[in-house]
Protein chains: 2
Amino acid sequence: MADTAAAADAADTRSDGAENSAPVPERLLTAATRLFAERGVERTSVQELVDTAGVTKGAMYHYFASKEDLLFAVYQRVLAMQMRRLEERAQAGGPVRERLHEAAADVVRTTVENLDDMVIYFRSLHMLSPERQSEVRGERRQYHERFCELIEEGQRQGVFRTDVPSDIVANQYFGAVHHLGMWYRSAGELGGADIGGYFADLLLSELRPG
Amino acid sequence: MADTAAAADAADTRSDGAENSAPVPERLLTAATRLFAERGVERTSVQELVDTAGVTKGAMYHYFASKEDLLFAVYQRVLAMQMRRLEERAQAGGPVRERLHEAAADVVRTTVENLDDMVIYFRSLHMLSPERQSEVRGERRQYHERFCELIEEGQRQGVFRTDVPSDIVANQYFGAVHHLGMWYRSAGELGGADIGGYFADLLLSELRPG
DNA sequence: ACCAACATACCGATTGGTCGGTTCCGGCCG
DNA sequence: CGGCCGGAACCGACCAATCGGTATGTTGGT
């Protein structure tokens, strides 16, 4: 995320001044993601936000209707990314065990790589308006159901146990993934891929029949 | 803070009026737990809070130094309860598989029974001062380690698999438990005991060797 | 000339917290 | 027994500060 900003900076043709030449909305998204995750939405004033992004209040309110609108944009970005990645894995070829393992490990990797997004996600939902909360929950539900379908596919094939509802398994798994934001620190010796591997192994162990 | 509760309790012999005769600090804790979980800490003004509790601002600031102090008291209450219950289960007799199953199912039950506390817990940590965040994390860490010890006990006995660190398993499990606050609604047909049973079964499946 | 893209100064509303006062109750003294 | 007293419990009007949002102005490209 930070490197993309750097890449955009380097790739940008016009070299106005010194740095931060990424488009303003993107700069705001980046700054908001960092500050909202660090101090929380309410503890981040609009002034701090625009200062960090290197723009002015007027610029921000030109692109976003409100502070909440900006928060919502953060949600939309992360939701779209997750759904896209899951769909890619689910539709790939190969046995369902492998596809589920890959999808499960991948969501951990991307979560670790975008920890800020996930911290915001599961901490600040209540800061959105009720309608937008519903919208986010709706999209999240689709994601959840897509994951469930994968499990049920394996259950029908007889490679996964059937005495536990797929719903329970999926909720348990995503709970663990969301929780990463509370304990995972990149300082640890375990990388996202390591933890993803462990988590996915544990998931398949759970689903082993018999 | 604690001594005032004792004093208020001792003085509360009279039965004034109709209802809500609980001591003032307790009333504030109850109101805060509900409102903080419903609307979030920042969205709850002190005025709303004291109105809900049926007391005045002066009364609140007599018992709590600040709004944050009240939030901290909520954390302390839930932390103490969880640690006590885990210790009871861990120290009970019987095979480690049964003790772990019982402890795992119990934490789900108590989480469901005190959903408001848990919603606050994993959503509002950042509203505390850095020192108090550390204190909460420290207590939580003790809890976590106590749970890990239980797993490791089973690993040494050979009844649990050893190719996954106990730390990972515990983090994954508590992640799932914390996440309950985001999807569990008592309207569902599944009660806390049901989900606790499922979760604990899944945990033991994960740990099954081979 | 016109419009999108910004910049800047400013405002109304709200909020956490304070502070001087009042009530109530148990204990102590005469 | 009764009057007094000290402090804990509690009240509620008030404040300083902050914040999200806006209104108006300016610029640069087409």
Side-chain angles (χ1 to χ4, degrees), chain A residues 12-32 35-36 38-74 124 126-129 132, chain B residues 1-17 20-29 31-32 35-36 38-74 124 126-129 132:
Chain A
D12 205 2
T13 50
R14 71 224 169 128
S15 60
D16 63 301
E19 48 201 358
N20 65 8
S21 54
V24 170
E26 196 181 308
R27 288 228 300 274
L28 283 166
L29 259 303
T30 303
L35 291 178
F36 287 173
E38 263 177 23
R39 315 180 206 179
V41 176
E42 301 272 351
R43 290 263 167 107
T44 305
S45 74
V46 175
Q47 195 59 53
E48 282 180 302
L49 220 159
V50 296
D51 286 349
T52 302
V55 302
T56 62
K57 242 188 202 183
M60 174 192 148
Y61 278 95
H62 179 71
Y63 290 104
F64 298 94
S66 63
K67 188 183 177 185
E68 191 220 296
D69 204 44
L70 183 53
L71 175 62
F72 185 58
V74 173
S124 307
H126 64 292
M127 300 301 304
L128 295 173
S129 69
R132 284 180 157 170
Chain B
M1 192 183 299
D3 42 349
T4 50
D9 182 42
D12 196 47
T13 48
R14 75 256 171 93
S15 60
D16 62 302
N20 67 5
S21 54
V24 170
E26 195 182 309
R27 289 226 300 273
L28 283 167
L29 259 304
L35 291 178
F36 287 172
E38 263 176 23
R39 314 179 206 180
V41 175
E42 301 274 348
R43 289 265 167 105
T44 305
S45 74
V46 175
Q47 196 58 53
E48 282 180 302
L49 220 160
V50 296
D51 286 350
T52 302
V55 303
T56 62
K57 242 185 198 185
M60 176 193 145
Y61 278 95
H62 177 72
Y63 291 104
F64 298 94
S66 64
K67 190 183 176 184
E68 190 220 296
D69 204 44
L70 182 52
L71 175 62
F72 185 58
V74 173
S124 307
H126 64 292
M127 300 301 305
L128 295 174
S129 69
R132 284 179 159 172

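In what follows, chains are A, B, ... by sequence order, proteins preceding strands, each numbered from 1.
- In this entry the distance linking CZ of A:Arg43 with C1' of D:dT18 reads 13 Å, nearest Å.
- Heavy atoms only, all atoms of each residue included: B:Thr52 and B:Ala31 are closest at CG2-CB, 4.0 Å.
- Here B:Tyr63 reaches the OP1 or OP2 of D:dC10: one of its side-chain N or O atoms lies under 4.0 Å away.
- In this structure, A:Ser124 OG and A:Phe36 CZ are separated by 8.0 Å, a value rounded to the nearest 0.5 Å.
- Atom CD of A:Gln47 sits about 5.0 Å away from atom NZ of A:Lys57, to the nearest 0.5 Å.
- For the pair B:Glu68 CD and C:dT15 P, the computed distance is 19 Å after rounding to whole Å.
- Computed from coordinates, the A:Glu42 CD to C:dT14 P distance equals 15 Å when rounded to whole Å.
- Between B:Ser66 and A:Pro25, the residue anchored closer to the 5' end of DNA chain C is A:Pro25, taking for each the nucleotide with the nearest heavy atom.
- Considering every non-hydrogen atom in both B:Ala53 and B:Leu28, the closest pair reads CB-CD2, 3.8 Å.
- The two residues A:Tyr61 and A:Lys67 come nearest to each other via the heavy atoms OH-N, 4.3 Å.
- The separation between B:Arg27 atom CZ and D:dC10 atom P is 9 Å, rounded to whole Å.
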Please produce a list of atom pairs where a protein N or O lies less than 3.5 Å from an N or O of nucleotides 7-11 of chain C.
from, atom 1, to, atom 2, distance (Å)
C:dA7, OP2, A:Thr56, N, 3.3
C:dA7, OP2, A:Thr56, OG1, 2.7
C:dA7, O5', A:Thr56, OG1, 3.4

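- Atom pair B:Leu49:CG and C:dT15:P shows a separation of 12 Å (rounding to whole Å applied).
- Close to C:dC6, at under 4.0 Å from its OP1 or OP2, lies no side-chain N or O of A:Tyr61.
- Taking atom CG on B:Leu35 and atom P on C:dT15, their separation rounds to 13 Å, with Å as the unit.
- Scanning for side chain to side chain contact (heavy atoms under 4.5 Å, CB included) contacts around A:Arg39 gives A:Leu35, A:Arg43, A:Thr44, A:Glu48, with sequence neighbours left out.
- Between A:Phe64 and A:Ala73 the shortest heavy-atom distance is CE2-CB, 3.9 Å.
- As rounded to whole Å, 16 Å separates atom P of D:dT22 from atom CZ of A:Phe64.
- Between A:His62 and C:dA5 there is a side-chain N or O to OP1 or OP2 distance below 4.0 Å.
- For the pair A:Leu28 CG and C:dC6 C1', the interatomic distance rounds to 12 Å; values are reported in whole Å.
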